[in-house]
Amino acid sequence: MRRVGLLTVDRQMRPSLQIVSLSKRFGHLTILRDISLSVMPGELVCLIGPSGSGKSTLLRCCNRLEELSGGDILIEGRNIYSGTARDLKTLRAHTGMVFQSFNLYPHLDVLANVTLAQRKALGRTRKEAEAKALDMLGLVGLADRAKSYPAQLSGGQQQRVAIARALALDPTLMLFDEPTSALDPETVGSVLSVMRNLKTRGMTMLVVTHEMSFAREAADRVVFMDGGMIVEEGPPEAIFGAPQMERTQAFLSRLSKPVG
Amino acid sequence: MDAFLQQFFNIDILMEAMPLLMRGLWITAQLCVAVVGLGLVGGLFVALASISQRRWLKYPAIIYVDIFRALPPLVLLVFVYSGLPFAGLNLTPFAAVVVAFLLNNSSYYGEVYRAGLQSVPNGQREAARASGLSETQTLIHVILPQAIRNVLPDLLSNTIEVVKLTSLASVVSLAELLYTANMARSITYNATPLVAAALIYLALLWPLVRLVSRYQRPLAI
Ligand SMILES: Nc1ncnc2c1ncn2[C@@H]1O[C@H](COP(=O)(O)OP(=O)(O)O)[C@@H](O)[C@H]1O
Ligand SMILES: [Mg+2]
(Lines give C-alpha, C1' and ligand atoms only; values in the text may rest on other atoms or scores of the structure.)
(Ligands and ions follow the chains in the order given, each with its own letter.)
Protein backbone atom coordinates (compact mmCIF):
# COMPACT_ATOMS: atom_id res chain seq x y z
CA MET A 1 0.00 0.00 0.00
CA ARG A 2 2.74 2.36 1.04
CA ARG A 3 4.67 1.72 -2.14
CA VAL A 4 1.67 2.53 -4.27
CA GLY A 5 1.17 5.67 -2.25
CA LEU A 6 4.73 6.73 -2.88
CA LEU A 7 4.44 6.09 -6.58
CA THR A 8 1.33 8.22 -6.73
CA VAL A 9 3.13 11.03 -4.97
CA ASP A 10 6.02 10.59 -7.38
CA ARG A 11 3.76 10.97 -10.36
CA GLN A 12 2.09 13.99 -8.92
CA MET A 13 5.43 15.68 -8.38
CA ARG A 14 6.49 15.24 -11.97
CA PRO A 15 5.70 18.33 -14.03
CA SER A 16 3.14 17.93 -16.82
CA LEU A 17 5.23 20.23 -18.91
CA GLN A 18 8.90 20.87 -18.45
CA ILE A 19 10.78 23.31 -20.66
CA VAL A 20 14.54 23.15 -20.16
CA SER A 21 16.82 25.99 -21.38
CA LEU A 22 14.97 26.28 -24.63
CA SER A 23 16.23 28.55 -27.35
CA LYS A 24 14.70 29.26 -30.71
CA ARG A 25 16.12 31.11 -33.67
CA PHE A 26 14.58 32.06 -36.98
CA GLY A 27 17.59 32.49 -39.23
CA HIS A 28 19.91 34.83 -37.38
CA LEU A 29 17.17 36.18 -35.18
CA THR A 30 16.98 34.74 -31.68
CA ILE A 31 13.32 34.71 -30.69
CA LEU A 32 13.54 32.71 -27.45
CA ARG A 33 16.62 32.46 -25.26
CA ASP A 34 17.25 30.11 -22.37
CA ILE A 35 13.65 29.59 -21.36
CA SER A 36 13.05 27.20 -18.47
CA LEU A 37 9.54 26.69 -17.19
CA SER A 38 7.61 23.89 -15.54
CA VAL A 39 3.87 23.44 -15.22
CA MET A 40 2.72 21.01 -12.55
CA PRO A 41 -0.36 18.78 -12.98
CA GLY A 42 -3.53 20.74 -12.35
CA GLU A 43 -1.73 24.04 -12.43
CA LEU A 44 -2.91 27.07 -14.42
CA VAL A 45 -0.01 29.20 -15.56
CA CYS A 46 -0.62 32.49 -17.34
CA LEU A 47 1.98 33.79 -19.74
CA ILE A 48 1.89 37.55 -20.17
CA GLY A 49 4.09 40.01 -22.01
CA PRO A 50 4.17 42.54 -24.83
CA SER A 51 3.41 41.38 -28.35
CA GLY A 52 6.45 40.07 -30.19
CA SER A 53 8.01 38.76 -26.99
CA GLY A 54 7.80 35.15 -28.22
CA LYS A 55 4.79 33.82 -26.32
CA SER A 56 3.13 32.18 -29.32
CA THR A 57 6.39 30.70 -30.49
CA LEU A 58 6.92 29.18 -27.06
CA LEU A 59 3.46 27.54 -27.12
CA ARG A 60 4.02 26.27 -30.65
CA CYS A 61 7.26 24.64 -29.51
CA CYS A 62 5.30 22.75 -26.82
CA ASN A 63 3.31 21.06 -29.57
CA ARG A 64 6.31 20.65 -31.83
CA LEU A 65 4.85 22.94 -34.43
CA GLU A 66 8.34 24.49 -34.44
CA GLU A 67 11.72 22.82 -34.19
CA LEU A 68 14.00 23.92 -31.35
CA SER A 69 17.40 25.53 -31.73
CA GLY A 70 18.45 24.34 -28.28
CA GLY A 71 17.13 22.84 -25.06
CA ASP A 72 14.41 20.28 -24.46
CA ILE A 73 10.71 20.01 -23.80
CA LEU A 74 9.29 17.14 -21.75
CA ILE A 75 5.60 16.38 -21.49
CA GLU A 76 4.64 13.87 -18.81
CA GLY A 77 8.35 13.13 -18.55
CA ARG A 78 8.78 12.30 -22.23
CA ASN A 79 11.03 14.31 -24.47
CA ILE A 80 8.80 15.40 -27.34
CA TYR A 81 11.69 16.20 -29.64
CA SER A 82 12.89 12.63 -29.75
CA GLY A 83 10.67 9.70 -30.67
CA THR A 84 8.85 8.47 -33.74
CA ALA A 85 6.22 10.11 -35.90
CA ARG A 86 3.67 7.90 -34.20
CA ASP A 87 4.71 9.22 -30.78
CA LEU A 88 4.39 12.72 -32.14
CA LYS A 89 0.87 12.02 -33.32
CA THR A 90 -0.30 10.90 -29.88
CA LEU A 91 1.66 13.65 -28.19
CA ARG A 92 -0.05 16.27 -30.31
CA ALA A 93 -3.46 14.73 -29.80
CA HIS A 94 -2.95 14.72 -26.02
CA THR A 95 -1.68 18.30 -25.93
CA GLY A 96 -4.72 20.43 -26.67
CA MET A 97 -4.16 23.69 -28.46
CA VAL A 98 -6.56 26.62 -28.67
CA PHE A 99 -5.80 29.47 -31.05
CA GLN A 100 -6.65 33.14 -31.03
CA SER A 101 -8.50 32.76 -34.33
CA PHE A 102 -10.33 29.52 -33.32
CA ASN A 103 -9.33 27.77 -36.57
CA LEU A 104 -12.48 25.68 -36.70
CA TYR A 105 -12.92 23.82 -39.98
CA PRO A 106 -15.53 25.90 -41.85
CA HIS A 107 -16.59 23.07 -44.19
CA LEU A 108 -17.50 20.75 -41.32
CA ASP A 109 -20.32 21.08 -38.81
CA VAL A 110 -19.59 21.35 -35.12
CA LEU A 111 -19.91 17.62 -34.49
CA ALA A 112 -17.54 16.77 -37.34
CA ASN A 113 -15.08 19.40 -36.12
CA VAL A 114 -14.96 17.70 -32.74
CA THR A 115 -14.83 14.11 -34.06
CA LEU A 116 -12.29 14.45 -36.88
CA ALA A 117 -9.05 14.09 -34.93
CA GLN A 118 -10.61 11.61 -32.51
CA ARG A 119 -11.23 9.30 -35.42
CA LYS A 120 -8.19 9.99 -37.59
CA ALA A 121 -5.51 10.55 -34.97
CA LEU A 122 -6.74 8.37 -32.10
CA GLY A 123 -8.57 5.77 -34.17
CA ARG A 124 -11.87 5.96 -32.33
CA THR A 125 -15.00 4.71 -34.05
CA ARG A 126 -17.54 7.23 -35.25
CA LYS A 127 -19.89 6.20 -32.45
CA GLU A 128 -17.29 6.59 -29.71
CA ALA A 129 -16.14 9.88 -31.15
CA GLU A 130 -19.64 11.31 -31.40
CA ALA A 131 -20.51 10.31 -27.86
CA LYS A 132 -17.33 11.94 -26.60
CA ALA A 133 -17.97 15.02 -28.75
CA LEU A 134 -21.47 15.50 -27.33
CA ASP A 135 -20.06 15.16 -23.82
CA MET A 136 -17.46 17.82 -24.46
CA LEU A 137 -19.92 20.11 -26.22
CA GLY A 138 -22.11 19.76 -23.15
CA LEU A 139 -19.19 20.77 -20.98
CA VAL A 140 -18.76 24.02 -22.92
CA GLY A 141 -22.52 24.59 -23.03
CA LEU A 142 -23.05 23.96 -26.74
CA ALA A 143 -24.57 20.48 -26.92
CA ASP A 144 -27.51 21.90 -28.89
CA ARG A 145 -25.27 23.33 -31.64
CA ALA A 146 -23.77 20.03 -32.83
CA LYS A 147 -25.34 20.40 -36.27
CA SER A 148 -24.44 24.06 -36.77
CA TYR A 149 -21.61 25.23 -38.96
CA PRO A 150 -18.88 27.46 -37.51
CA ALA A 151 -20.06 30.44 -39.57
CA GLN A 152 -23.44 30.25 -37.81
CA LEU A 153 -21.88 30.70 -34.37
CA SER A 154 -20.66 33.77 -32.51
CA GLY A 155 -16.93 34.15 -31.86
CA GLY A 156 -17.32 33.05 -28.26
CA GLN A 157 -19.29 29.97 -29.30
CA GLN A 158 -16.70 29.10 -31.94
CA GLN A 159 -13.92 29.35 -29.38
CA ARG A 160 -15.85 27.09 -27.02
CA VAL A 161 -16.24 24.54 -29.82
CA ALA A 162 -12.49 24.78 -30.40
CA ILE A 163 -11.95 24.05 -26.71
CA ALA A 164 -14.32 21.07 -26.91
CA ARG A 165 -12.45 19.86 -29.98
CA ALA A 166 -9.19 19.85 -28.05
CA LEU A 167 -10.73 18.34 -24.90
CA ALA A 168 -12.23 15.46 -26.85
CA LEU A 169 -8.71 14.10 -27.38
CA ASP A 170 -8.24 13.59 -23.61
CA PRO A 171 -5.37 16.06 -23.29
CA THR A 172 -3.10 16.01 -20.27
CA LEU A 173 -2.20 19.61 -20.99
CA MET A 174 -4.04 22.49 -22.65
CA LEU A 175 -2.24 25.33 -24.39
CA PHE A 176 -4.21 28.53 -25.02
CA ASP A 177 -2.83 31.28 -27.26
CA GLU A 178 -4.78 34.47 -26.52
CA PRO A 179 -8.09 32.62 -26.61
CA THR A 180 -10.19 35.75 -26.07
CA SER A 181 -8.24 38.36 -28.03
CA ALA A 182 -10.34 38.02 -31.17
CA LEU A 183 -13.67 38.07 -29.36
CA ASP A 184 -16.34 40.72 -28.93
CA PRO A 185 -16.27 41.90 -25.32
CA GLU A 186 -19.70 40.40 -24.61
CA THR A 187 -18.59 36.85 -25.45
CA VAL A 188 -15.22 36.92 -23.66
CA GLY A 189 -16.86 35.99 -20.35
CA SER A 190 -18.34 32.73 -21.65
CA VAL A 191 -14.93 31.50 -22.80
CA LEU A 192 -13.17 32.50 -19.60
CA SER A 193 -15.81 30.77 -17.52
CA VAL A 194 -15.27 27.55 -19.50
CA MET A 195 -11.56 27.86 -18.73
CA ARG A 196 -12.23 28.42 -15.03
CA ASN A 197 -14.46 25.38 -15.06
CA LEU A 198 -11.62 23.33 -16.61
CA LYS A 199 -9.33 24.44 -13.84
CA THR A 200 -11.72 23.27 -11.15
CA ARG A 201 -11.78 19.91 -12.93
CA GLY A 202 -8.02 19.69 -12.54
CA MET A 203 -6.91 20.42 -16.09
CA THR A 204 -3.31 21.54 -16.53
CA MET A 205 -3.21 24.76 -18.52
CA LEU A 206 -0.68 27.17 -19.99
CA VAL A 207 -2.49 30.31 -21.08
CA VAL A 208 -1.13 33.24 -23.04
CA THR A 209 -3.46 36.11 -22.28
CA HIS A 210 -3.94 39.85 -22.13
CA GLU A 211 -6.89 39.45 -19.74
CA MET A 212 -5.07 40.59 -16.61
CA SER A 213 -8.12 40.26 -14.39
CA PHE A 214 -8.40 36.61 -15.43
CA ALA A 215 -4.69 36.03 -14.77
CA ARG A 216 -4.90 37.73 -11.42
CA GLU A 217 -7.86 35.75 -10.20
CA ALA A 218 -7.54 32.32 -11.89
CA ALA A 219 -3.81 31.69 -12.33
CA ASP A 220 -1.70 29.73 -9.86
CA ARG A 221 1.37 31.34 -11.31
CA VAL A 222 2.05 34.19 -13.71
CA VAL A 223 5.06 34.32 -16.01
CA PHE A 224 6.11 37.61 -17.57
CA MET A 225 8.07 37.40 -20.81
CA ASP A 226 9.83 40.16 -22.70
CA GLY A 227 12.32 40.06 -25.56
CA GLY A 228 12.30 36.28 -25.77
CA MET A 229 13.18 35.76 -22.10
CA ILE A 230 11.34 35.06 -18.89
CA VAL A 231 11.79 38.23 -16.91
CA GLU A 232 9.85 37.35 -13.80
CA GLU A 233 7.49 34.71 -12.50
CA GLY A 234 5.52 34.15 -9.34
CA PRO A 235 2.06 33.98 -7.83
CA PRO A 236 -0.35 36.53 -9.27
CA GLU A 237 -0.45 38.58 -6.06
CA ALA A 238 3.31 39.04 -6.30
CA ILE A 239 3.49 39.80 -10.02
CA PHE A 240 0.53 42.18 -10.04
CA GLY A 241 0.90 43.47 -6.48
CA ALA A 242 4.63 43.94 -6.17
CA PRO A 243 6.55 43.25 -9.40
CA GLN A 244 10.28 43.15 -8.74
CA MET A 245 11.67 43.85 -12.19
CA GLU A 246 11.56 47.20 -13.89
CA ARG A 247 10.36 45.75 -17.19
CA THR A 248 7.44 44.04 -15.49
CA GLN A 249 6.48 47.24 -13.72
CA ALA A 250 6.67 49.18 -16.98
CA PHE A 251 4.53 46.61 -18.82
CA LEU A 252 1.87 46.46 -16.12
CA SER A 253 1.67 50.22 -15.65
CA ARG A 254 1.24 50.67 -19.40
CA LEU A 255 -1.66 48.20 -19.28
CA SER A 256 -3.43 49.82 -16.37
CA LYS A 257 -3.51 53.26 -18.01
CA PRO A 258 -7.04 54.10 -19.07
CA VAL A 259 -7.66 53.32 -22.73
CA GLY A 260 -8.55 56.14 -25.17
CA MET B 1 -34.79 29.22 -97.85
CA ASP B 2 -35.47 25.67 -98.95
CA ALA B 3 -31.93 25.29 -100.29
CA PHE B 4 -30.63 26.56 -96.99
CA LEU B 5 -32.62 23.99 -95.02
CA GLN B 6 -31.50 21.30 -97.51
CA GLN B 7 -27.85 22.19 -96.94
CA PHE B 8 -27.88 22.65 -93.15
CA PHE B 9 -30.91 20.92 -91.63
CA ASN B 10 -31.50 17.93 -93.86
CA ILE B 11 -33.33 15.27 -91.86
CA ASP B 12 -32.59 12.41 -94.29
CA ILE B 13 -28.88 13.19 -94.26
CA LEU B 14 -28.96 13.48 -90.51
CA MET B 15 -30.53 10.03 -90.17
CA GLU B 16 -27.95 8.60 -92.52
CA ALA B 17 -25.04 10.21 -90.65
CA MET B 18 -26.37 9.43 -87.18
CA PRO B 19 -24.65 6.04 -86.59
CA LEU B 20 -21.32 7.55 -87.61
CA LEU B 21 -21.85 10.61 -85.40
CA MET B 22 -22.77 8.40 -82.48
CA ARG B 23 -19.56 6.45 -82.88
CA GLY B 24 -17.69 9.75 -82.92
CA LEU B 25 -19.53 10.94 -79.83
CA TRP B 26 -18.58 7.72 -78.05
CA ILE B 27 -14.88 8.33 -78.78
CA THR B 28 -15.23 11.96 -77.67
CA ALA B 29 -16.84 10.80 -74.44
CA GLN B 30 -14.01 8.34 -73.78
CA LEU B 31 -11.46 11.05 -74.51
CA CYS B 32 -13.16 13.48 -72.14
CA VAL B 33 -13.31 10.97 -69.32
CA ALA B 34 -9.65 10.02 -69.78
CA VAL B 35 -8.31 13.54 -70.24
CA VAL B 36 -10.45 15.22 -67.56
CA GLY B 37 -10.02 12.39 -65.08
CA LEU B 38 -6.25 12.14 -65.48
CA GLY B 39 -5.96 15.92 -65.64
CA LEU B 40 -7.81 16.40 -62.36
CA VAL B 41 -5.57 13.88 -60.61
CA GLY B 42 -2.34 14.90 -62.36
CA GLY B 43 -3.06 18.58 -61.77
CA LEU B 44 -3.42 17.97 -58.06
CA PHE B 45 0.02 16.38 -57.88
CA VAL B 46 1.50 19.18 -59.98
CA ALA B 47 -0.04 21.72 -57.59
CA LEU B 48 1.17 19.91 -54.47
CA ALA B 49 4.66 19.73 -55.94
CA SER B 50 4.67 23.39 -56.91
CA ILE B 51 3.88 24.56 -53.38
CA SER B 52 6.16 22.00 -51.73
CA GLN B 53 8.92 23.10 -49.37
CA ARG B 54 11.25 20.69 -51.16
CA ARG B 55 13.11 22.50 -53.88
CA TRP B 56 13.72 19.43 -55.99
CA LEU B 57 9.94 19.05 -56.27
CA LYS B 58 8.94 22.68 -56.39
CA TYR B 59 11.13 24.00 -59.21
CA PRO B 60 10.61 21.16 -61.68
CA ALA B 61 6.87 21.51 -61.11
CA ILE B 62 6.96 25.25 -61.78
CA ILE B 63 8.97 24.73 -64.96
CA TYR B 64 6.60 21.96 -66.07
CA VAL B 65 3.60 24.22 -65.61
CA ASP B 66 5.24 27.11 -67.44
CA ILE B 67 6.29 25.02 -70.43
CA PHE B 68 3.06 23.19 -70.98
CA ARG B 69 0.91 26.25 -70.52
CA ALA B 70 3.01 28.13 -73.07
CA LEU B 71 3.03 25.41 -75.75
CA PRO B 72 -0.06 25.48 -78.00
CA PRO B 73 -1.95 22.22 -77.47
CA LEU B 74 -2.10 21.55 -81.21
CA VAL B 75 1.70 21.80 -81.50
CA LEU B 76 2.02 19.48 -78.54
CA LEU B 77 -0.39 16.98 -80.08
CA VAL B 78 1.33 16.91 -83.47
CA PHE B 79 4.69 16.54 -81.77
CA VAL B 80 3.57 13.66 -79.56
CA TYR B 81 1.87 11.88 -82.46
CA SER B 82 4.30 12.57 -85.33
CA GLY B 83 7.50 13.56 -83.57
CA LEU B 84 7.90 10.91 -80.89
CA PRO B 85 7.97 8.02 -83.42
CA PHE B 86 11.39 9.35 -84.41
CA ALA B 87 12.45 8.48 -80.88
CA GLY B 88 11.00 5.03 -81.40
CA LEU B 89 7.86 5.81 -79.44
CA ASN B 90 4.75 4.99 -81.43
CA LEU B 91 1.47 5.88 -79.80
CA THR B 92 -2.01 5.13 -81.07
CA PRO B 93 -3.93 8.30 -81.97
CA PHE B 94 -6.03 7.91 -78.81
CA ALA B 95 -2.97 7.53 -76.57
CA ALA B 96 -1.22 10.44 -78.30
CA VAL B 97 -4.20 12.71 -77.69
CA VAL B 98 -4.46 11.66 -74.05
CA VAL B 99 -0.74 12.21 -73.43
CA ALA B 100 -0.58 15.56 -75.23
CA PHE B 101 -3.69 16.98 -73.60
CA LEU B 102 -2.74 15.61 -70.21
CA LEU B 103 0.52 17.55 -70.35
CA ASN B 104 -1.37 20.71 -71.27
CA ASN B 105 -4.30 20.15 -69.04
CA SER B 106 -2.57 19.07 -65.83
CA SER B 107 -0.65 22.35 -65.93
CA TYR B 108 -3.88 24.33 -66.14
CA TYR B 109 -5.64 22.25 -63.49
CA GLY B 110 -2.44 22.49 -61.45
CA GLU B 111 -2.58 26.28 -61.44
CA VAL B 112 -6.24 26.22 -60.41
CA TYR B 113 -5.57 23.81 -57.54
CA ARG B 114 -2.56 25.84 -56.47
CA ALA B 115 -4.70 28.96 -56.14
CA GLY B 116 -7.20 26.89 -54.16
CA LEU B 117 -4.61 25.41 -51.82
CA GLN B 118 -3.13 28.84 -51.18
CA SER B 119 -6.55 30.29 -50.42
CA VAL B 120 -6.88 28.14 -47.29
CA PRO B 121 -5.55 30.03 -44.26
CA ASN B 122 -2.49 28.56 -42.61
CA GLY B 123 -4.33 28.31 -39.28
CA GLN B 124 -6.36 25.43 -40.71
CA ARG B 125 -3.25 23.38 -41.27
CA GLU B 126 -1.86 24.35 -37.87
CA ALA B 127 -5.02 23.32 -36.06
CA ALA B 128 -5.16 20.00 -37.87
CA ARG B 129 -1.50 19.21 -37.28
CA ALA B 130 -1.74 20.31 -33.66
CA SER B 131 -4.55 17.82 -33.10
CA GLY B 132 -2.40 14.93 -34.28
CA LEU B 133 -3.54 14.53 -37.89
CA SER B 134 -0.76 13.51 -40.27
CA GLU B 135 0.25 15.69 -43.22
CA THR B 136 -1.79 13.51 -45.59
CA GLN B 137 -4.85 13.40 -43.34
CA THR B 138 -4.66 17.17 -42.98
CA LEU B 139 -4.59 17.53 -46.75
CA ILE B 140 -7.47 15.13 -47.38
CA HIS B 141 -9.84 16.10 -44.58
CA VAL B 142 -9.08 19.76 -43.97
CA ILE B 143 -7.23 21.52 -46.78
CA LEU B 144 -8.49 19.94 -50.00
CA PRO B 145 -12.24 20.19 -49.33
CA GLN B 146 -11.87 23.92 -48.69
CA ALA B 147 -9.39 24.44 -51.53
CA ILE B 148 -11.62 22.72 -54.08
CA ARG B 149 -14.73 24.53 -52.93
CA ASN B 150 -12.92 27.84 -53.28
CA VAL B 151 -11.97 27.19 -56.92
CA LEU B 152 -14.88 25.07 -58.10
CA PRO B 153 -15.95 27.57 -60.80
CA ASP B 154 -12.41 27.62 -62.21
CA LEU B 155 -12.17 23.83 -62.20
CA LEU B 156 -15.46 23.73 -64.11
CA SER B 157 -14.36 26.40 -66.62
CA ASN B 158 -11.18 24.50 -67.24
CA THR B 159 -13.14 21.29 -67.76
CA ILE B 160 -15.23 23.04 -70.42
CA GLU B 161 -12.04 24.09 -72.21
CA VAL B 162 -10.78 20.52 -72.08
CA VAL B 163 -13.93 19.13 -73.66
CA LYS B 164 -13.67 21.64 -76.48
CA LEU B 165 -10.00 20.80 -76.85
CA THR B 166 -10.79 17.17 -77.66
CA SER B 167 -12.09 18.27 -81.08
CA LEU B 168 -8.45 18.95 -82.03
CA ALA B 169 -7.94 15.19 -81.98
CA SER B 170 -9.35 15.08 -85.51
CA VAL B 171 -5.97 16.27 -86.86
CA VAL B 172 -4.38 12.95 -85.92
CA SER B 173 -7.32 11.10 -87.54
CA LEU B 174 -8.84 10.02 -84.29
CA ALA B 175 -12.47 9.37 -85.18
CA GLU B 176 -14.04 11.55 -82.50
CA LEU B 177 -17.18 13.64 -82.97
CA LEU B 178 -15.77 16.42 -85.18
CA TYR B 179 -13.81 13.95 -87.30
CA THR B 180 -16.82 11.73 -87.98
CA ALA B 181 -19.02 14.74 -88.68
CA ASN B 182 -16.54 16.07 -91.20
CA MET B 183 -16.28 12.64 -92.76
CA ALA B 184 -20.06 12.46 -93.07
CA ARG B 185 -20.05 15.91 -94.67
CA SER B 186 -17.53 14.87 -97.31
CA ILE B 187 -19.46 11.71 -98.10
CA THR B 188 -22.86 13.39 -98.34
CA TYR B 189 -21.73 16.78 -99.72
CA ASN B 190 -23.98 18.30 -97.08
CA ALA B 191 -23.25 20.44 -94.00
CA THR B 192 -25.99 18.92 -91.85
CA PRO B 193 -23.63 16.51 -89.99
CA LEU B 194 -21.46 19.46 -88.96
CA VAL B 195 -24.51 21.33 -87.68
CA ALA B 196 -25.48 18.21 -85.76
CA ALA B 197 -21.99 17.95 -84.24
CA ALA B 198 -22.12 21.60 -83.19
CA LEU B 199 -25.52 21.05 -81.56
CA ILE B 200 -24.20 18.01 -79.71
CA TYR B 201 -21.25 19.99 -78.31
CA LEU B 202 -23.67 22.72 -77.33
CA ALA B 203 -25.96 20.27 -75.55
CA LEU B 204 -22.98 18.80 -73.70
CA LEU B 205 -21.44 22.06 -72.60
CA TRP B 206 -24.31 24.45 -72.13
CA PRO B 207 -25.35 23.04 -68.73
CA LEU B 208 -21.75 23.32 -67.57
CA VAL B 209 -21.49 26.89 -68.79
CA ARG B 210 -24.73 27.72 -66.95
CA LEU B 211 -23.37 26.14 -63.80
CA VAL B 212 -20.19 28.21 -63.95
CA SER B 213 -22.21 31.42 -64.34
CA ARG B 214 -24.27 30.53 -61.32
CA TYR B 215 -21.21 29.82 -59.20
CA GLN B 216 -19.53 33.00 -60.28
CA ARG B 217 -22.05 35.16 -58.54
CA PRO B 218 -20.26 36.84 -55.68
CA LEU B 219 -19.49 34.10 -53.18
CA ALA B 220 -20.98 34.51 -49.74
CA ILE B 221 -18.34 33.91 -47.11
N1 LIG C 1 8.09 31.83 -38.75
C2 LIG C 1 8.75 32.93 -38.31
N3 LIG C 1 9.82 33.39 -38.98
C4 LIG C 1 10.48 34.47 -38.55
N5 LIG C 1 10.17 35.18 -37.46
C6 LIG C 1 9.11 34.77 -36.74
C7 LIG C 1 8.34 33.63 -37.11
N8 LIG C 1 7.35 33.47 -36.23
C9 LIG C 1 7.49 34.46 -35.33
N10 LIG C 1 8.53 35.24 -35.64
C11 LIG C 1 9.01 36.40 -34.85
O12 LIG C 1 9.19 36.00 -33.53
C13 LIG C 1 8.88 37.04 -32.64
C14 LIG C 1 7.93 36.52 -31.58
O15 LIG C 1 6.70 36.25 -32.16
P16 LIG C 1 5.50 35.62 -31.34
O17 LIG C 1 5.95 34.33 -30.74
O18 LIG C 1 4.33 35.55 -32.24
O19 LIG C 1 5.29 36.69 -30.20
P20 LIG C 1 4.00 36.95 -29.32
O21 LIG C 1 3.09 35.81 -29.44
O22 LIG C 1 4.55 37.16 -27.94
O23 LIG C 1 3.40 38.22 -29.83
C24 LIG C 1 8.28 38.17 -33.46
O25 LIG C 1 9.26 39.16 -33.61
C26 LIG C 1 7.99 37.51 -34.78
O27 LIG C 1 8.15 38.44 -35.82
MG1 LIG D 1 1.11 35.73 -30.12
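Reminder, nothing fancy here: chain letters follow the sequence lines and each chain counts from 1.
Interface residues of residues 88-100 of chain A toward chain B, defined by a heavy-atom distance below 4.5 Å and sorted by number: K89(A), R92(A), A93(A), T95(A), M97(A), F99(A). For residues 152-174 of chain A, the interface with chain B (any heavy-atom pair closer than 4.5 Å) comprises R165(A), L169(A), sorted by residue number.
Within the model, atoms CD1 of I143(B) and NE2 of H107(A) stand 8.5 Å from one another, a figure rounded to the nearest 0.5 Å. The NE2 atom of H141(B) lies 10.0 Å from the CG atom of L108(A); values are rounded to the nearest 0.5 Å. Separation of atoms CZ (R129(B)) and CG (L65(A)) is listed at 8.5 Å; rounding is to 0.5 Å.
Contacts of Q124(B) with chain A are made by both backbone and side-chain atoms, with heavy-atom separations under 4.5 Å. For L175(A), no part lies near chain B; criterion is any non-hydrogen pair under 4.5 Å.
The environment of R25(A) atom CZ is sparse: at most 12 non-hydrogen atoms of other residues, nucleotides or ligands sit within 6.0 angstrom. Residue F45(B) qualifies as open at atom CZ: its count of foreign heavy atoms under 6.0 Å is 12 or below.
Contact record, L133(B) with A117(A): CD2-CA, 3.8 Å, taken as the closest heavy-atom pair.
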